[in-house]
Amino acid sequence: MTAQDVFDRQLAAIAGQDLEALLAQYHEDATVVRLDRVARGPAEIRELFSAYLAAKPQVDEIVAQRVTEDVIFYNAHMTVGGNRVTAYGTLVVRDGRIWRQTAAALPLT
């Protein structure tokens, strides 16, 4: 299982609006850090992604990505809640699952 495989599964889960597939991506002691909140552990991450999927996120284009053996850094153009954004994030992979994630989105002009 490579970091790229994890990223590809993440994109598929978002595209499929599949909460359970998305949650299965995360390590038991995962932490997701966004500018507006931090989610730690399965219950908080479930709450975070339930709200996120309710906004009907759509990945329109992966603008750039850099992948190492355990880190993915990406920039994507997305539509979230009907708004076009440019999203930046980092996924740190441990044991084939996301252990740490950062994410931020800015309006796309």
Side-chain angles (χ1 to χ4, degrees):
M1 178 71 53
T2 68
Q4 185 64 54
D5 294 334
V6 172
F7 189 61
D8 292 343
R9 283 195 327 248
Q10 187 81 350
L11 294 174
I14 292 168
Q17 298 284 296
D18 188 339
L19 178 61
E20 295 308 315
L22 198 56
L23 296 175
Q25 288 274 93
Y26 288 84
H27 207 272
E28 295 81 21
D29 65 346
T31 300
V32 179
V33 179
R34 297 189 335 189
L35 294 175
D36 62 335
R37 71 185 286 188
V38 174
R40 292 181 180 89
E44 290 181 12
I45 291 173
R46 174 178 289 278
E47 179 184 317
L48 175 94
F49 282 111
S50 292
Y52 180 66
L53 290 180
K56 304 292 186 216
Q58 175 183 323
V59 178
D60 302 318
E61 176 187 4
I62 300 299
V63 178
Q65 70 175 11
R66 180 67 61 187
V67 180
T68 70
E69 60 280 351
D70 62 352
V71 177
I72 301 120
F73 179 52
Y74 65 88
N75 171 223
H77 289 173
M78 300 182 68
T79 304
V80 181
N83 300 304
R84 296 259 304 141
V85 299
T86 186
Y88 296 90
T90 305
L91 307 175
V92 179
V93 178
R94 178 192 279 181
D95 303 324
R97 295 166 67 195
I98 299 165
W99 177 61
R100 298 289 186 260
Q101 178 177 359
T102 65
L106 301 168
L108 193 58
T109 57

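These numbers come from the heavy atoms of this one structure, side chains and all, not from hydrogens, waters or symmetry mates. Throughout, residue positions are numbered sequentially from 1 according to the sequence presented.
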Once side chain to side chain contact (heavy atoms under 4.5 Å, CB included) is applied, do any residues pair with [X], and if so which ones, sequence neighbours excluded?
X	answer
Leu108	His77, Arg84, Thr86
Ile62	Phe7, Leu11, Val59, Gln65, Ala76
Asp18	Glu20, Ala21
Thr2	Gln4, Asp5

Identify whether [X] and [Y] are in the same connected component of the hydrophobic contact network (ILVMFWY, side-chain heavy atoms under 4.5 Å).
X	Y	result
Val6	Val67	yes
Leu19	Leu91	yes
Leu23	Val32	yes
Val33	Leu106	no

Subject >> Enclosure of Arg94 CZ (heavy-atom neighbours >12, cutoff 6.0 Å) >> reply: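 Yes.
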Side chain to side chain donor-acceptor pair (under 3.5 Å) with [X]: which residues, sequence neighbours excluded?
X	answer
Gln101	Tyr26
Ser50	none
Arg37	Glu47

**OP:** Output the distance between atom OG1 (Thr90) and atom OH (Tyr74), rounded to the nearest 0.5 Å.
**Re:**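 If we round to the nearest 0.5 Å, Thr90:OG1 and Tyr74:OH are 7.5 Å apart.
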**OP:** Quick one: pull up CD in Gln17 and OH in Tyr52 and give me the separation to the nearest 0.5 Å.
**Re:**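 With rounding to 0.5 Å, CD (Gln17) is 9.0 Å from OH (Tyr52).
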Could you work out, with salt bridge (charged side-chain N to carboxylate O under 4.0 Å, His left out) as the rule, every residue matching [X], not counting sequence neighbours?
X	value
Asp95	none
Glu44	none
Glu28	Arg97

Closest contact, heavy atoms only, [X] versus [Y]:
X	Y	value
Leu48	Ala39	CB-CB, 4.2 Å
Ile72	Ala3	CD1-O, 3.3 Å
Trp99	His27	CA-CB, 4.0 Å
Gln10	Ile98	OE1-CD1, 3.4 Å

**OP:** Sorted by first residue and then second, give each salt bridge (Lys or Arg N to Asp or Glu O under 4.0 Å) pair with at least one member in residues 100-109; sequence neighbours left out.
**Re:**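 Passing the test, one end in residues 100-109: no pairs.
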Original post:
Which pairs, with at least one residue in residues 62-74 and sequence neighbours excluded, count as a salt bridge (Lys or Arg N to Asp or Glu O under 4.0 Å)?
Top reply: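 Listed once each, the pairs would be none.
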